[in-house]
Amino acid sequence: MEHHIQDDVNVLIKRRFEEYEELLKKGVQPFKYSFDVNSDSADIIANFKDEEEKREVSVAGRIMTMRRMGKASFAHIQDGRGKIQIYLRQDEIGEEYENFRLYDIGDIIGVEGYVFRTKTGEVSVHARKLTLLTKSLKPLPVPKEVVDENGNKVVFDQFADKELRYRQRYLDLILNPSVRDVFVLRSKIISSMRRFLDQSGILEVETPVLQPIYGGASARPFVTHHNALDIPLYLRIADELYLKRPIVGGFPGVYEISKDFRNEGMDKTHNPEFTMMECYVAYKDYEWMMNFVEEMVGFIVKEVFGTYEFEIEGNMINFKGPWQRISMIEELNRLAETDILKLSDKELIDVVKKFGVEYDGKKSRGKLIDEFFELTVQNKIVQPTFVIDYPVEMSPLAKKHREKAGIVERFEGFVIGREICNAFSELNDPIDQNERFQEQAKAKEMGDDEAQIVDDDFVRALEYGMPPTAGLGIGIDRLVMLLTNQPSIRDVILFPTMKPIKQ
RNA sequence: GCACCCUUAGCUCAGCAGGUAGAGCAUCUGACUCUUAAUCAGCAGGUCGCCGGUUCGAAUCCGGCAGGGUGCACCA
């Protein structure tokens with residue numbers, strides 16, 4: 001659909017277009033090509049000293065407020081690190097002051113001048129030269145800020161409409177500075193994780209997003225079609241089956257940070273595309289991996305936040321290892337006062353019902369134990385904790401415990417009741433793996449559309465022999481949510497999936 | 001997928017015993033060379049999400065649709 005901004009009926013937009021045309025008429029190019037900056041808002045404010053000589057600076061940013069008083073004006077511009085006030089006088093910048101009458105909130109300008117402190121105490125830039133860099137043709141929904149008598153910042157007309165914030169994230173980033181902070185932290189968390197993995201000698205690899213056979217998790221996939229080959233291709237739901245192949249091929253350790261796609265419901269903790277880190281290390285088991293996760297999370301937290309201990313949701317959380325380790329099955333047996341693995345289905349149902357699990361007549365044993373665990377143990381976890389000893393019913397992909405019957409070598413890490421990782425001693429017995437695939441195939445025939453597809457090449461790879469391997473998955477979005485205190489996954493994804501608006 | 005709630009000026013919101021739309025800010029005109037929600041004076045701005053129904057009359061009541069939010073279900 002063709003859209004011409006000058007056809008917009010809104011008076012504010014019309015007005016801006018008129019300003020744009022008038023500037024053109026006066027020979028002002030409203031969209032410049034570059035501008036040299038030698039400072040920014042945070043730098044100017046941090047390094048200002050009253051007694052020192054006037055410091056000449058060149059800064060650029062978006063006009064956020066304007067206070068015009070005839071022949072002098074104040075404005076705030078916002079750059080990548082904050083805001084700085086600009087002071088303009090007609091007698092000093094002459095003709096450019098006339099042009100400034102055609103500038104608006106939202107325009108991006110370059111300012112050259114010297115730093116000073118105003119009568120009211122604000123460090124500002126006294127402009128000697130003003131340059132329009134980009135004319136903004138749409139009005140910005142700018143909030144008003146004021147500091148009340150108690151020193152608290154009060155925001156009026158905040159840009160708070162969640163739909164608009166997600167659909168037009170660029171506005172959210174301009175208008176809500178805390179949003180920018182979250183995405184800076186997200187980037188730091190990921191780069192810190194990558195640094196840790198690289199330093200550990202684990203190789204970053206890339207595996208296909210488009211896959212003829214999807215696998216590695218129980219989930220429904222997105223399907224697409226390749227025209228030249230005339231075949232369906234699936235967007236990956238997990239990296240697991242591909243990442244284990246290079247381990248078979250001889251790499252001692254591989255990892256990938258990538259988007260996975262699952263064609264399922266959306267809510268506070270689920271977006272159809274999300275970022276996952278998966279890591280596989282040869283000759284290691286889940287015990288080793290627990291230590292590795294402790295170190296990695298500690299490393300990230302220390303690097304990004306400068307401390308191991310900080311507050312999340314009102315709790316002081318200490319990420320310095322070693323983390324507490326608890327046995328799921330021991331905790332549940334203690335609560336149930338019996339060995340739940342030895343109970344019949346009916347006995348198990350009766351026990352978990354006493355702890356508040358609702359039974360609708362069709363939950364599997366694994367699901368019942370999982371809910372029992374969530375209600376009684378998981379929700380009470382505050383400090384970083386590893387839960388180990390999962391029943392085999394709940395973990396079809398993990399290797400059976402070397403000693404304990406009915407248990408697999410698996411752990412999950414929790415903080416404040418929230419899962420932050422999932423890891424196994426990986427199943428590397430091709431016969432066992434093939435049997436589990438065949439069971440999934442049967443479930444698929446029975447109508448379970450989340451059952452996994454048989455991947456013969458993966459089984460073949462295991463038949464050549466995969467060394468003992470520890471595997472780990474960390475949902476990056478959820479880790480970022482936890483560490484940045486964000487309530488919804490949409491607050492840590494720049495462009496969360498949204499339904500398009502029908503015309 | 002199910003339930004509940006929301007959608008009024010550019011922004012934030014009021015108006016709902018049904019009587020023909022209102023505030024603050026932003027915009028526009030004018031004044032103002034240290035302001036900071038700048039101030040002062042004046043002007044203007046709306047198919048009340050969309051479609052239909054009830055009614056003499058609907059922003060307001062009813063139904064449907066669209067988009068969004070929250071909770072539940074599904075799912076790591």
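Proteins come first, then strands; the chains are lettered A, B, ... in the order of their sequence lines, and each starts at number 1.
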Mind checking the [atom1] distance from [N] to [M]? Whole angstroms is fine.
N	M	atom1	result
B:G45	B:G10	C1'	10 Å
B:U47	B:C11	P	13 Å
B:G63	B:U27	P	43 Å
B:A44	B:A9	C1'	11 Å
B:C48	B:A21	C1'	8 Å
B:U8	B:G69	P	15 Å
B:C6	B:C13	P	14 Å
B:G64	B:U39	P	48 Å

Taking the side chain of [X] as heavy atoms from C-beta outward, which of [options] is closest to it?
X	options	value
A:Leu12	B:C34, B:A26, B:G68	B:A26
A:Met69	B:A38, B:C28, B:G69	B:A38
A:Lys162	B:G10, B:U70, B:C34	B:U70

Less than 3.5 Å between a donor and an acceptor, one on the side chain of [X] and one on the base of [N], is that the case here?
X	N	value
A:Asp267	B:C74	yes
A:Gln85	B:U35	yes
A:Arg89	B:U33	yes

Residues forming a salt bridge (charged side-chain N to carboxylate O under 4.0 Å, His left out) with A:Lys259, sequence neighbours excluded =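 By the salt bridge (charged side-chain N to carboxylate O under 4.0 Å, His left out) rule, A:Lys259 matches A:Glu273.
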
Return the value, rounded to whole Å, for the distance between atom CZ of A:Arg67 and atom P of B:U33.
->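 Distance check: A:Arg67 CZ to B:U33 P gives 16 Å.
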
